[in-house]
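Remember, it's 1-based here, ligands and their atoms both numbered in the order they're listed.
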Amino acid sequence: MNPRSTGAPGPRPRSNAITVDVEEWFHICGVGPLSHERWDSLPSRVVLTTRALLEELDRAGARATFFVLGWIAERHPRLVEEIRASGHDIGSHGHLHARVYELDEETFVADVRRSVAALRGVGVESIDGFRAPEWSINARSLWALECLVREGITLDASMAPVRLVGSTGWPRGPHVRDTPSGPILEVPPLVVDRFGNAMPIGWGWGLRMTSPRRMLRAIESVNAAGQPAVLTVHPWEIDPQPPRVSLPPRLRFAHYFCLGGFRDRLAAVLSAGDFGALSDVPALQASR
Ligand SMILES: [Zn+2]
């Protein structure tokens, strides 16, 4: 168990949600030298960095939804126990961190099942939420939503309403998507308009570069419009000594831009805001 944590307070209604994708610093899609065959030979940082996130959440009195990679659950079962013992919810981030639109249906379903089995294997009884790596459920892979419904997933948080990884035409708030096998609740990450563009302020470089004051103002205005804000962080983003590899420019920006001081900025946002797990946000419950 985590001796430093007294645990997050129990579930109660919250205006906004914080989600965590539990993965290693080397879980970066599409980089040959970081293919999954090599993962076991790379130094692990996920226990240290996830514990640091648990501490920040605990300090802020916030619950979160942790989307855990099945590969991580298999190697660090006690870490999953610590997350649960600290009072947080668990969902699946897939097993081998593959982009959904690069998989066929059969391989995707096998990957989801493997991750769910790994999480069940470490004591997580039910998994009803999913987040694809790199927001990779998009126009090329909408078929995946029906696969998730068939696997018992009722909430998906894999579609980003921005260019490059998703589409600016998608709704920015939680919405139900119908599939031939039934509905699924889609929960997009926070996006705001800035300089005429949709800016991904709720995760990655957009979250890391935004001052706490500006972030809290953005969340306030989204809440005033009747929507929850959903933020996403990764344990490796608050690593005090983050290992680095050579990456193509776009990935380098996505992974390494504005890491300095991010833990403090995140702590300020968490302690000033009203954050819970996805299941604590009434707007997400009403439509499930
Ligand atoms: Zn990921």
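- Cation-pi contact between R244 and Y256: present, with separation from the ring centre below 6.0 Å and deviation from the ring axis of at most 45°.
- In summary, R45 and E24 do not engage in a salt bridge, as defined by a charged side-chain N under 4.0 Å from a carboxylate O.
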Stepwise, does the side-chain hydrogen bond (donor to acceptor under 3.5 Å, both in side chains) test hold for D239 with T49?
CA-CA 6 Å; D239 193 331; T49 51; 5.5 Å; no
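- The backbone N or O of L34 lies less than 3.5 Å from a partner atom in the side chain of W39, making a donor-acceptor pair.
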Please tabulate, one pair per line, all N/O donor-acceptor pairs under 3.5 Å involving side-chain atoms of residues 191-199, not counting sequence neighbours.
unit_1	atom_1	unit_2	atom_2	d
D193	OD1	R172	NH2	2.9
D193	OD2	R172	NH1	3.4

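- Under the 4.0 Å criterion applied to side-chain N and carboxylate O atoms, R177 and E186 are not assigned as salt-bridge partners.
- Less than 2.8 Å away from the Zn ion (ligand 1), the protein contributes these N/O/S atoms: E23 OE1, H93 NE2, H97 NE2.
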